[in-house]
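First comes the structure, then the notes that go with it.
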Amino acid sequence: MTMTELKTKSDPAMDRALLARLTGALGDKATIAKLCSDFCDLYTEFLPDIFHSETGLTIEVAYSGHETGLMSELVAGLGDNVVLADTQLRNWSPHFILACDNSFVITLMENLLGALPETIEEPIHRPLSRIELDLSSMVFDKIANVLRSGVNAAGGFEPLIEKPHNAEDRGKPETDHVDEFAAAIKMRIDLGTVSSEFYLIVPQKALLKTVVTVPRSKNQMSRNKKEWAEQIAEQVRRSQITLEARVRLQTLTLNTISRLVAGDVIPFRDKSDVMVDVSANGKDMYRCEFGRAGEHYTVRVKDNVSSEDEILKHLMG
């Protein structure tokens, strides 16, 4: 046999699933099912109390089952109406994923803005707004801390949660990314008449080493309602909102408009102080005065078109 033949004839690669099973990265169905059920017990016991103590809202949590497979396939299987956050917990897992149906975050926002739960209908499928994404980070914080309280992660480290993003904005894995076998734990969460789900997608390598223990004291995980409200207010204040300014121009005939060319000048409608309508997301908020400061054109707020509550409700929606 020639050297060329030796090079071209290679041993078959070991089956990926078999290798994962031999290295503790893939478990049997019964073991995975038991561990996922243990997480169900943890969330059913604690998450409703945390939400009620911090928001005054009543939620119900129940187990919806689990799925196993490669992590990328499990994430794709959630669809496009979810918000996701890549997460890590030191001494437990360097990477797992939290996800939640957009409908829960939208419904939670409406409740926090004062809508009666019985009047809130099932939200339409849409991506979350920037402020809703900020709220979802706080939801994920609660979910991650319940997990932290119940798993055997030494050191008492806080979960590190990356900025949540809509499913449509999730980047593609790097070319050298190695997909892991994982389990997607599904939990139903009901708020008022709206039923949604949240998800934990955990590599089986971490899951198989996990011992889930229900903590003794619920109070250790819960903050008070005032702190939750302050967190929401702070998130809203830090959110970046794009403002648009609209200046009314002098009326022209259709004949004149049809003949405008580059270089033509259209005067402002106002003869003295030029007034500007400032809006965000299509809602007028302020009446302003057009001006200039140094090299920059500016607007000076003269009057509020909408009240503070109306502005916040519009921007959060």
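Scanning all heavy atoms of the two residues, the minimum distance from Ala182 to Gln204 falls at O-NE2, 3.2 Å. What you find for Arg148 and Leu89 is that their closest heavy atoms are CA-CD2, 4.2 Å. Residues Lys209 and Asn152 come closest through the heavy atom pair O-ND2, 3.2 Å. The heavy-atom pair separating Ile161 from Ala144 by the smallest distance is CD1-CB, 3.7 Å. Phe96 and Val202 make their closest contact through CB-CA, 4.2 Å (heavy atoms, listed as atom of the first residue, atom of the second, distance). The minimum heavy-atom distance between Thr298 and Arg292, with the atom names listed, is OG1-N, 3.7 Å.
Of the possible donor and acceptor atoms, one in the side chain of Thr87 sits under 3.5 Å from a partner among the backbone N and O of Ala85. Between the side chain of Asp49 and the backbone N or O of Phe46, no donor-acceptor pair lies under 3.5 Å. The closest donor-acceptor contact from the side chain of Asp141 to the backbone of Ser137 lies at 3.5 Å or more, if one exists at all. No donor-acceptor pair closer than 3.5 Å links the side chain of Asp303 to the backbone N or O of Cys288. Ser37 places no side-chain N or O within 3.5 Å of a backbone atom of Ala33 that could act as its donor or acceptor partner. Here the side chain of Arg170 pairs no donor or acceptor atom with the backbone of Lys172 at under 3.5 angstrom. Here the side chain of Thr193 pairs a donor or acceptor atom with the backbone of Ile120 at under 3.5 angstrom. Proximity of a side-chain donor or acceptor of Thr210 to a complementary backbone N or O of Ala206 within less than 3.5 Å is detected. No donor-acceptor pair under 3.5 Å is formed between the side chain of Thr44 and the backbone N or O of Asp41. In this structure, the side chain of Arg248 does not engage the main chain of Asp270 through any donor-acceptor pair within 3.5 Å.
Judged by distance alone, the side chains of His95 and Asp86 do bring a donor and an acceptor atom under 3.5 Å apart. Inspection of the Asp28 and Thr31 side chains reveals an N or O donor paired with an N or O acceptor under 3.5 Å. In summary, the side chains of Ser129 and Glu132 do present a donor paired with an acceptor at a separation below 3.5 Å, with no hydrogens or angles considered.
By the salt bridge (charged side-chain N to carboxylate O under 4.0 Å, His left out) test, Glu197 pairs with no residue at all, sequence neighbours left out. By the ring pair (Phe, Tyr, Trp, His ring centres under 6.0 Å) test, Phe140 pairs with no residue at all, sequence neighbours left out. With sequence neighbours excluded, the residues that form a ring pair (Phe, Tyr, Trp, His ring centres under 6.0 Å) with Phe104 are Phe51.
Salt bridge present: Lys186 and Glu67 bring a charged side-chain N and a carboxylate O closer than 4.0 Å. A salt bridge links Lys34 with Asp38: the distance from a Lys NZ or Arg NE/NH1/NH2 to an Asp or Glu carboxylate oxygen falls below 4.0 Å. The pair Arg259-Asp264 does not count as a salt bridge, with every side-chain nitrogen at least 4.0 angstrom from each carboxylate oxygen. The pair Glu158-Arg90 does not count as a salt bridge, with every side-chain nitrogen at least 4.0 angstrom from each carboxylate oxygen.
In this structure, the side chains of Met71 and Ile201 come closer than 4.5 Å at one or more pairs of heavy atoms. Looking at heavy atoms from C-beta onward, His66 lies in side-chain contact with Thr68 at the 4.5 angstrom threshold. For the pair Met285 and Leu243, the minimum side-chain heavy-atom distance is below 4.5 Å. Considering only heavy atoms from C-beta on, Pro267 stays 4.5 Å or farther from Leu249 through its side chain. In this structure the side chain of Val82 never reaches within 4.5 angstrom of the side chain of Cys100, judged on heavy atoms. Proximity of Gln250 to Lys271: side-chain heavy atoms (C-beta onward) are separated by under 4.5 Å at one or more points.
Hydrophobic clustering of Ile, Leu, Val, Met, Phe, Trp and Tyr side chains at less than 4.5 Å, counting indirect connections, keeps Leu78 apart from Val139. There is a path of hydrophobic side-chain contacts, each under 4.5 Å, that joins Tyr297 to Phe268.
Once rounded to the nearest 0.5 Å, the distance linking CD1 of Ile143 with CE of Met138 reads 12.5 Å. Residue Cys40 holds its SG atom at 13.0 Å from CG of Leu35, rounded to the nearest 0.5 Å. Distance OG1/Thr251 to CZ/Arg269: 9.5 Å, rounded to 0.5 Å.
Residue Asn91 places its CG atom among more than 12 non-hydrogen atoms of other residues, nucleotides or ligands, all under 6.0 Å distant. Residue-environment remark: CD (Glu122) exceeds the threshold of 12 foreign heavy atoms within 6.0 Å. Heavy atoms of other residues, nucleotides or ligands lying less than 6.0 angstrom from CG of Leu254 number 12 at most. Counting non-hydrogen atoms of neighbouring residues, nucleotides and ligands closer than 6.0 angstrom, the CD atom of Glu121 reaches no more than 12 such neighbours.
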**OP:** Walk me through it: do Val211 and Val151 pass the test side-chain contact (heavy atoms from CB on, under 4.5 Å)?
**Re:** CA-CA 6 Å; Val211 177; Val151 302; over 6 Å; no

Subject >> side-chain contact (heavy atoms from CB on, under 4.5 Å) between Leu208 and Ile32, worked out >> reply: CA-CA 7 Å; Leu208 291 167; Ile32 297 298; 3.7 Å; yes

Original post:
Can you check side-chain contact (heavy atoms from CB on, under 4.5 Å) on Asp190 and Val61, steps first, answer last?
Top reply: CA-CA 7 Å; Asp190 296 337; Val61 176; over 6 Å; no

Subject >> Intermediate values then yes/no, side-chain contact (heavy atoms from CB on, under 4.5 Å), Glu54 and Lys142 >> reply: CA-CA 10 Å; Glu54 299 184 8; Lys142 308 308 172 192; 3.2 Å; yes

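Ring centroids of Tyr43 and Tyr63 are separated by 6.0 Å or more, keeping the two rings apart.
Tested against Tyr199 for a side-chain contact (heavy atoms from CB on, under 4.5 Å), the candidates Ile185, Ile97, Asp101, Leu84 yield a single pass: Asp101.
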